[in-house]
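The next block holds one structure in the form of structure tokens; read it before the comments.
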Amino acid sequence: MAAIDGLPPLRDVISRHGLDAKKALGQNFLLDLNLTQKIARTAGPLEGVTVIEVGPGPGGLTRAILSLGAKKVVAVERDSRCLPALAEIGDFYPGRLEVIEGDALKTPFEDLGIEGPVKIIANLPYNVGTQLLVNWLLPKAWPPFYQSLTLMFQREVGLRIVAREDDNHYGRLGVLCGWRTDARMAFDVPPQAFSPPPKVTSSVVHLEPIANPIPCSAENLEKVTMAAFGQRRKMLRQSVKSIGGEALLAKADIDPQRRAETLSVEEFCRLANCL
Ligand code: SAM
């Protein structure tokens, strides 16, 4: 394995700092720096870019991002045990790593005053990954403060993010992602790449904000997708009964006999706009 920097191997860092993985924090660490570079490269050129990373842990992905020339990494980590290991990376790349100790779900990323361009890259803790993604997709102002999101999820969640109509994985998350972003599956990562290995395969997903998404209220879109996919096997005339039923469908010019899974993102926006 080729070294990507002059810092010690991650296995040594983890044992020296006693970073036994905590399940409650979704800690599955990546040890192969070539793999972390592959993830970071998925975000495209990093020169001159400030990267926000959630959950740097012992810093495998952080090191890859910095080695590829990012201007700066702002990393939010909840586990204070990781801070000394991250401080060593900060010493190796002076002035280029800022670590915020805290919960990413409570971090006001937009208000951190980070100068653009900004990209978000993270191997997300499984327990908070989807919520973080939804938070990044919902701001009123669009395009958002970041240029792209390059994120690792359980493969199952990755499939839901990129799914569009007529796909079994298509649902509320797919509609939200399809409404505001171009989302693509980059590659899979097998359980053995992590320490400890998780039970399932993971996937790296790359999302770029669409400059001009279909005008639509996020709340209304959420209302229609919640109703429609809440009873995904039923015809829409039944599943959207509580929010307007056949009258709503007629207004949006959508056949009441169709099922949620067959509606495009554009059709969901039309329904939301008729609410
Ligand atoms: N980036 C490292 C890597 O790729 O090896 C670690 C990834 S590990 C899957 C998830 C990391 O997120 C852990 O370091 C964990 O402590 C951290 N974490 C968990 N919940 C968090 C939260 N709410 N806010 C910030 N960090 C969190």
Side-chain angles (χ1 to χ4, degrees), residues 1 4-5 7-43 46 51-68 70 73-90 97-109 112 119-136 149-158 186-205:
M1 198 186 301
I4 65 162
D5 54 31
L7 286 160
L10 282 161
R11 212 175 276 284
D12 297 356
V13 174
I14 290 169
S15 75
R16 192 157 40 84
H17 291 283
L19 301 178
D20 306 322
K22 285 190 186 167
K23 208 172 172 185
L25 287 174
Q27 291 184 336
N28 300 97
F29 301 133
L30 290 169
L31 301 182
D32 179 350
L33 290 164
N34 292 302
L35 174 60
T36 56
Q37 272 201 340
K38 185 174 172 188
I39 297 170
R41 274 200 200 95
T42 306
L46 295 180
V51 173
I52 294 179
E53 186 192 359
V54 171
L61 187 53
T62 321
R63 283 165 62 173
I65 296 164
L66 288 165
S67 74
L68 291 174
V73 174
V74 178
V76 182
E77 174 57 63
R78 201 171 167 183
D79 186 353
S80 58
R81 297 179 311 154
C82 299
L83 303 188
L86 294 168
E88 288 173 8
I89 302 173
L97 175 60
E98 179 184 337
V99 180
I100 299 173
E101 184 187 350
D103 183 346
L105 284 173
K106 297 183 184 146
T107 304
F109 292 99
L112 292 178
K119 293 185 178 181
I120 299 180
I121 307 178
N123 171 14
L124 291 174
Y126 288 152
N127 41 357
V128 296
T130 311
Q131 188 56 53
L132 275 171
L133 172 62
V134 169
N135 293 352
W136 286 324
L149 303 167
T150 304
L151 308 171
M152 174 114 78
F153 291 96
Q154 290 167 278
R155 181 167 161 73
E156 192 60 27
V157 178
F187 58 91
D188 289 343
V189 180
Q192 312 83 271
F194 299 85
S195 173
K199 288 202 177 69
V200 294
T201 297
S202 302
S203 299
V204 175
V205 180

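Start at 1 and go down the list; that is how both ligands and their atoms are numbered. Positions are given from 1 along the sequence.
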Does G60 reach ligand 1, in the sense of a heavy atom lying below 4.0 Å from it?
no
Using distance alone, determine whether [X] and ligand 1 share an N or O pair under 3.5 Å.
X    : answer
A104 : yes
G55  : yes
L30  : yes
Q27  : yes

Give the atom numbers and elements of ligand 1 that come within less than 4.0 Å of a heavy atom of [X].
X   : result
G57 : 14 (O)
V76 : 25 (C), 26 (N)
D79 : 16 (O)

Residue part near ligand 1, for E53, under 4.0 Å between non-hydrogen atoms
side chain
Below a 4.0 angstrom heavy-atom separation, can you tell me which part of A122, side chain or backbone, both or neither, approaches ligand 1?
neither
For E53 and T62, test the side chains for any donor-to-acceptor distance below 3.5 angstrom and give the result as yes or no.
yes
Would you please say whether a donor-acceptor pair under 3.5 Å links the side chains of S203 and D188?
yes
R16/E88 ion pair, N-O < 4.0 Å:
yes
